[in-house]
Amino acid sequence: MSEERSLNFLEEIIEEDIKLGKHDGRVLTRFPPEPNGYLHIGHAKSICLNFGLGKKYHGKTNLRFDDTNPVTEEVEYVESIKNDIRWLGFQWDKELYTSDYFETLYGYAVTLIKKGFAYVDDSTADEIAASKGTPTEPGTPTPYRSRTVEENLALFEDMRAGKYPDGAKVLRAKIDLANPNMHMRDPLLYRIKHTHHHRTGDKWCIYPMYDFAHGQSDSIEQITHSVCTLEFIPHRELYNWLIAQLEIFPSKQYEFARLNMTYTVMSKRRLLQLVNEKHVEGWDDPRMPTISGLRRRGYTPASIRNFCDRIGVAKRENVIDVGLLEFCIREDLNKTAWRRMAVLDPIKLVITNYPEGQEEVLHGENNPEVEGGEGGRDIPFSRELWIEREDFMENAPKKFFRLGPGLSVRLKHAYIVTCEDFVKDADGNVTEVHCSYVANSKSGEDTSGMKVKGTIHWVSVGHAKTATVRIYDRLFSVENPMATDGDFKSTLNPDSLQIIEKAYIEPDLAGAELGKGYQFIRKGYFTLDTTSGADHLVFNQTVGLRDTWAKEVKKG
RNA sequence: UGCCCGAUAGUAUAAUGGUAGUACAACUGAUUUUGGUUCAGUUUGUCUAGGUUCGAAUCCUGGUCGGGCAACCA
């Protein structure tokens, strides 16, 4: 631990604050999701950041649901969000809801009205938009801007009492219609929505806007460092203005660049679209960049935390290569996944000089990366085996270290075999490969002195179990689906899911556990799908192994 | 056209006036009973023009490029 890791800009700010004795050195952050969708890998970045900051500086982190818009929010989302955060390995200090502060927020609004800093406006949405002017032209006041404090107080009370229909009136801050920052041109504070809220039920028919809820909630909780994404930068002036007028705890807002990743989209709105239009199975489809999707795909919490650590935190717009995420999960699984053999695209291999009916039990370690191999399992061996179709070539090039007429390979954990013949069907497809084995070449007791370049995996025909295996590829076929001219969905990768109905797996895999990662030797990392059952195993591919041979072939 | 934010290898991210470093990617080689892993090595970078300074990625000025801002969304 000699290398001192450099600080990101937020850590620098916090360390400076601590040095200056701000808030007596206290650090309190928060993660503020709106319960209107599932969490994705971009949220994971924010979660790791906020909880990480809290932990690093001996502070705490609240989980606060930003539930000010009952139209889109649901309890289902609340539960999934809590589950995902826990699964990622973080524990919040307090579980809070902006809706818990509705009464306080209402009081704040009254305070603002009394100070002459807010008014009730009867204009329509279009009228208000027009009255705000444009970035280059100042706005103009609506006829309601000059209402008296008493009038505003009474009207606002009536709004709360439900005397007006949706959209009839809003409460606006009275700031500056000519401000170069559009967010300061009398922003909306409250709107009328006669909608059932997932927590407050029908108690309220007016709901605060983000700008009149977020900063105030931060302040109520005495959040010291309120970290959000770049698009809120222009809101910061308003955030500070409201806190100053209300004379409440001065939380401070800081902004960092959200995560973008190649070959996917990263907004709840678009992910919801993919779900609703059935381009994927659901929020937890293994191709989705959601936490639940990654979990079902076989990603581990550690690999995601590690990823968030490596991508860094800055204010520059960025697009992370999805290859880095894949590197992180391979790095983790290589050290932890138990090795097993599975043949996904089978052809039969017959060992012509191995006695019919003979069987033997071989041994394979669970994990060669660990001293002692973490134990092992028995692997039945016999005369007829399934091997991978791609491990045989009729006319093999020089660098093909697998089977072909006259070529020898090692069968993993077993014997060296030499190909002598093969059988084709009427269509010219190879159906069987005939080999002879070298009896004294058995793994662990090889006295043959033979050296072969290649080792291939296999499964005994008579002992094999079957499973459905799902192979996943990137959801989109272009790096940036949003950069396309038309609909981003036109760049969906039609081959993002390949289902192998009948793969042959070694018998031990029948006892595979949900949530555990396995390496199918030479193929990749796999995990049991949530829909898998004892009578019908279903595996999802988490990620393939690095494949330098495929690269070689591609190069020609 | 107003305001705001940003710009360092292909992608990210450090260097806080003093040797441009790290990770991923790419490439070469070694090892290997996984064409995996591991190990060794190579290639590639400060947007631009001025200025300040003994010295600038860093400070200043102008420009260029990218992003954001005019939801009764957050």
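A, B, ... follow the sequence lines: proteins, then strands. Residue 1 opens every chain. Note that the structure is a prediction, hence the values are computed from the model and not measured.
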Testing B:U34, B:G36, B:A74 for proximity to the side chain of A:T68, the answer is B:A74
From the options B:C3, B:A74, B:A12, select the nucleotide whose nearest atom is closest to the side chain of A:P180.
B:C3
For B:U22, give its Watson-Crick or G-U wobble partner with both distances under 3.5 Å, or none.
B:A12
According to the interplanar angle, ranging from 0 to 90°, do the rings of A:H183 and A:H235 count as parallel (below 30°), tilted (30 to 60°) or perpendicular (above 60°)?
tilted
B:C73 phosphate, OP1 or OP2, under 4.0 Å from A:R191 side-chain N/O
yes
A:M182, nearest nucleotide to its side chain (from B:G35, B:C69, B:A25)
B:C69
Write out a two-atom table: protein N or O, nucleotide N or O from nucleotides 56-59 of chain B, distance below 3.5 Å.
none

Can you tell me the base-pairing partner of B:A56? Count Watson-Crick or G-U wobble geometry only, both distances below 3.5 Å, and say none if there is no partner.
none
Flag the pair A:H197 / A:W204 as yes when at least one side-chain heavy-atom distance between them is below 4.5 Å, and no otherwise.
no
In the structure shown, which nucleotide is the Watson-Crick or G-U wobble counterpart of B:C72, with both distances under 3.5 Å?
none
Return yes when atom CD of A:E371 has more than 12 non-hydrogen atoms of other residues, nucleotides or ligands closer than 6.0 Å, and no otherwise.
no
Any strand: nucleotide that pairs with B:G45 via Watson-Crick or wobble, under 3.5 Å
none
Closest to the side chain of A:E369, out of B:U34, B:G36, B:C73, is B:G36
Hey, is the side chain of A:R330 pairing donor to acceptor with the base of B:G36 inside 3.5 Å?
no
Among the candidates B:A70, B:U37, B:U1, find the nucleotide nearest to the side-chain atoms of A:N334.
B:U37
What orientation do A:F381 and A:W458 show, parallel under 30°, tilted 30 to 60°, or perpendicular over 60°?
perpendicular
Give a yes/no on whether any side-chain N or O of A:K551 is located under 4.0 angstrom from OP1 or OP2 of B:A26.
yes
Out of B:U34, B:G35, B:G67, minimum distance to the side chain of A:D547 belongs to B:G35
Pairing partner of B:C39, by Watson-Crick or G-U wobble and under 3.5 Å for both distances, is B:G29
Pairing partner of B:A7 (Watson-Crick or G-U wobble, both distances under 3.5 Å)
B:U64
Between A:Y207 and A:Y190, is the ring centre distance below 6.0 Å?
no
Please determine, for the side chain of A:M209, which listed nucleotide (B:A74, B:U33, B:G36) has the closest atom?
B:A74
Compare the ring of A:W549 with the six-membered ring in the base of B:G35 and state whether they stack (centres under 5.5 Å, planes under 30°).
yes
Side-chain donor-acceptor pair present, A:S441, A:S448, cut-off under 3.5 Å:
no
Passes salt bridge (charged side-chain N to carboxylate O under 4.0 Å, His left out), A:R474 versus A:E479? Steps please.
CA-CA 10 Å; A:R474 336 208 122 144; A:E479 283 202 9; over 6 Å; no
Side-chain contact test, heavy atoms from C-beta onward, threshold under 4.5 Å: evaluate it for A:L403 versus A:D391 and give yes or no.
no
Contact list (N/O, under 3.5 angstrom) for nucleotides 39-48 of chain B vs protein:
none

Minimum-distance nucleotide to A:A129 side chain [options: B:A74, B:A71, B:A12]:
B:A71
Heavy-atom check, side chain of A:L259 versus side chain of A:I41, under 4.5 Å:
yes
Closest to the A:K412 side chain: B:U33, B:A74, B:C4?
B:U33
Please pick, from B:C4, B:G67, B:U34, the nucleotide with the shortest atom-to-atom distance to any side-chain atom of A:R522.
B:U34
Do the ring planes of A:H43 and A:F31 sit parallel (below 30°), tilted (30 to 60°) or perpendicular (above 60°)?
perpendicular
